[in-house]
Amino acid sequence: MNYQLNHLRELESESIFVLREVAAQFENPVLMFSGGKDSILMVHLAQKAFYPARIPFPLLHVDTGHNFPETIAYRDALVERLGLRLIIASVQEAIDKGMVTEEKGYNASRNGLQTTTLLEALEKGKFDAALGGARRDEEKARAKERFFSHRDEFGQWDPKNQRPELWNLFNGRKHYGEHFRVFPISNWTELDVWQYLAMENVELPSLYFAHKRNVFERDGILLADCEYIQKKPTEEVKEMMVRCRTIGDMTCTGVWLSQASTIEEIIEEVATSRMTERGGRADDKRSETSMEDRKKTGYF
Amino acid sequence: MDFQSSELLRFTTAGSVDDGKSTLIGRILYDSKSIYQDQMEAIEASSLRRGETEVNLALLTDGLRSEREQGITIDVAYRYFSTPKRKFIIADTPGHIQYTRNMVTGASTANVALILVDARNGVVEQTRRHAIIASLLQIPHLVICINKMDLVDYDEERYEQIKSSFERFAAKLDVKDVHFIPISALRGDNVVNRSAETSWYEGPTLMYYLENVHIASDHNFIDTRFPVQYVIRPNTDQFHDYRGYAGRVAGGILKKGDKVTVLPSGFSSTIAKIDTIDGALNEAFPPQSVTILLEDDIDISRGDMIVRENNQPIIGQDLEVMVCWFNEKPLQSRGKYTILHTTKSARCMIKEIRYRLDINTLHRDLENMEIKMNDIGRIVIRTTKPLFYDAYRKNRITGSVIFVDEGTNETVGAGMII
């Protein structure tokens, strides 16, 4: 017998350990679910961590109202199949109540507005830990994120004052009103996620596979043509074979030219890609430190 | 698929900007084709904006705005790359003296430590400090990269001088496996590709070493330790009486049918099943996360430990610990802290400070014993309840603790049990 785990099984084991720590250390955790592959992976790992019991926390979807319809269909089927509780926090409601103001213009996006909605949902549900599918390889500010990330009573992240994390000892102690963001798949890369989802035969939303879609180009990024984005007169819509590498709000998720129609073809494409997956995210391109700035105020 | 056979290796790099650490990481990522086009374009643009003439590979690793402003690395940053043989996680830690705590953090989970030495300067205080930390943290493999060989004309004699100077010093340390590699991170000599300039060097390139170093025995496979993390009780009709003890194997190998003892109660039972969602396993080993079911109905909760009857950890409340301090408020002698150990927590009192270790010389300072931020010292503690522990040398999981401030809840120190 060879007592050596391959890298995917080792990452799986680490993530399961972190998920169980959350269930043990916190009273009222919640899993932030966006419908993207990383949050699908999180649900898959959570099933493993608590089998044969049900996942002991609800899912929270921060709904911008600008979703790809495929995302919502997948989400609802998953919740139904696993018998989970789903909480929807609506950005539209926050706009209607006047808590946030919608951006205007060509690059208007509700991405930044999610923070207020998220923090309100966490407060309302009295959640003391919010599990997220962020990975350190995604973005440079995330490269320094902890597994257990402490947030003050305003939900803020202070990168200079994070708790050191050693061995597998996770300190989730906090004062009343504070909460933690926990990132069990911190050490996974995009390629790891795909390889693992293939190995485990996990069903995925159709958006990840190449399909025909009406798209147009803006600042070097292909965006899906939809009612939520105001097009400039010069922007020309064309039908192309594309797929999503990340799934977020339709207004800021770029799609990629691709012929990859199976998970094996996606792995091949990711392994040879010369662009990072967030290279298509308009929300990261606003400034050199836009992720760091959003994280400080309480973004995912 | 072949990716299923690749192992995970974690390594830490310590050194300052002057040693060429960022250049080395940039070189590893660049030569292994792990830098993406948009990342490259982003750092090209940043370099230009900062008025630099060449692309500054260090910008790949310096992520936060405050770091970019100050041109230093504040915190541990994690980098990922893979080759067909292995997946790698780099814990990139800053080397300045005030960041000992980051080095300790990065070192705590590493299989390999890379220490950079500038070939012109040889072994300096910082080299010694990094080696001492690697030794204290029991990183299984140490690689001394003698860098900037191009600036000493790839001189074999210079390389040998540095090597023997380090070996003389390392004799005082507790390191099991040391390798030396002459490199030039800037020119790429012996990093990924073999150098034509060092024909006298017959060892592996750095990448070959990282891909092939034997890490399968870095875990303890002898002494069975299973700290119970969480109790799984589905309370459904189908699994009415199911009571599973979830956790990650910290040491040894657990098999179905093994006679085990549960601490602290001391009750004995037999492993009925090792459960996972993908079916039962015949055995479990570190670092697997599994669920253990026992034949007998015993009261077990988080913080308990499942062990073999004839191979038990030390059970005690008085511990000698090497502590590394992380907080601006110094370690309080006679102070009380919360202590986290495996899946257990307790309170403890600092009974005595034995000495402060000078991490540049290994000198035991008995005069100036205050343990401040980034200091390392040997202390004696007493816990409110018994811990089930091993010496850190024997098991990095059951031999490590962290200290938590009871007022602020911050992690203020890390300890290795002696």
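Residue numbering restarts at 1 for every chain, and letters A, B, ... go by the order of the sequence lines. Since this is a predicted model, take the numbers as computed values, not measurements.
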Practice task
Would you mind checking which part of Tyr78(B) comes under 4.5 Å of any heavy atom in chain A, side chain (CB onward), backbone (N, CA, C, O), both or neither?
Solution key: both
Problem - Part of Thr408(B) lying under 4.5 Å from any heavy atom of chain A - result: backbone
Practice task
Could you have a look at Pro234(B), Ser108(B), Pro287(B) and say which one has the most heavy-atom pairs with chain A under 4.5 angstrom?
Solution key: Ser108(B)
Problem - Structural part of Leu9(B) lying under 4.5 Å from a heavy atom of chain A - result: neither
Problem - Side-chain donor or acceptor of Ser289(B) paired with backbone N/O of Ser13(A) under 3.5 Å - result: yes
Handout entry: Toward chain A, the part of Thr276(B) with a non-hydrogen atom under 4.5 Å
Key = backbone
Completion exercise
Comparing Val412(B), Thr338(B), Thr343(B) against chain A, the one with the most heavy-atom pairs below 4.5 Å turns out to be Thr338(B)
Fill in the blank from the handout: Tyr230(B) meets the ring-ring contact (aromatic ring centres under 6.0 Å, His included) criterion, sequence neighbours left out, with Phe50(A)
Practice task
Heavy-atom distances under 4.5 Å only: say whether Asp275(B) touches chain A with side chain, backbone, both or neither.
Solution key: side chain
Handout entry: Side chain / backbone / both / neither for Ser186(A) at chain B, heavy atoms under 4.5 Å
Key = backbone
Exercise for the section: With a 4.5 angstrom heavy-atom cut-off, could you sort out which part of Gln4(A) is near chain B: side chain, backbone, both or neither? Expected result: both
Problem - Interface moiety of Thr342(B) toward chain A, non-hydrogen atoms closer than 4.5 Å - result: backbone
Handout entry: Carboxylate-amine/guanidinium contact Lys48(A) Glu200(A), below 4.0 Å
Key = yes
Handout entry: Greatest number of heavy atom pairs closer than 4.5 Å to chain A - which of Thr109(B), Ile232(B), Val290(B)
Key = Ile232(B)
Practice task
Would you please go through residues 18-25 of chain A and name the residues with a non-hydrogen atom below 4.5 Å from one of chain B, in numerical order?
Solution key: Arg20(A), Glu21(A), Ala23(A), Ala24(A), Gln25(A)
Exercise for the section: Of all the heavy-atom pairs spanning Ile139(B) and Ala107(B), show the shortest one and how long it is. Expected result: CD1-CB, 3.5 Å
Exercise for the section: Evaluate the side chain to side chain donor-acceptor pair (under 3.5 Å) criterion for residues Asp278(B) and Tyr51(A): first the C-alpha distance (whole Å), next the side-chain angles of each, then the deciding distance (0.1 Å), finally the verdict. Expected result: CA-CA 10 Å; Asp278(B) 305 306; Tyr51(A) 168 86; over 6 Å; no
Exercise for the section: Identify which part of Val231(B) has an atom lying under 4.5 Å from any heavy atom of chain A, answering side chain, backbone, both or neither. Expected result: neither
Problem - Residue among Glu283(B), His219(B), Gln288(B) satisfying side-chain hydrogen bond (donor to acceptor under 3.5 Å, both in side chains) with Tyr3(A) - result: Glu283(B)
Practice task
Begin with the C-alpha distance, continue with both residues' side-chain angles, and end with the deciding distance and a verdict on side chain to side chain donor-acceptor pair (under 3.5 Å) for Asn102(B) and Thr105(B).
Solution key: CA-CA 5 Å; Asn102(B) 291 324; Thr105(B) 302; 5.0 Å; no
Exercise for the section: May I ask you to name which of Ile402(B), Leu137(B), Asn235(B) has the most heavy-atom pairs under 4.5 Å with chain A? Expected result: Ile402(B)
Handout entry: side-chain hydrogen bond (donor to acceptor under 3.5 Å, both in side chains) partners for Asp237(B), two or more places apart
Key = none
Practice task
Answer with side chain, backbone, both or neither: which region of Asn327(B) has an atom nearer than 4.5 Å to a non-hydrogen atom of chain A?
Solution key: neither
Practice task
Could you list the residues that satisfy side-chain hydrogen bond (donor to acceptor under 3.5 Å, both in side chains) with Glu211(B), not counting sequence neighbours?
Solution key: Thr83(B)
Fill in the blank from the handout: Looking only at Val104(B), Ile215(B), Ile253(B), the option with the highest number of non-hydrogen pairs under 4.5 Å against chain A is Ile253(B)
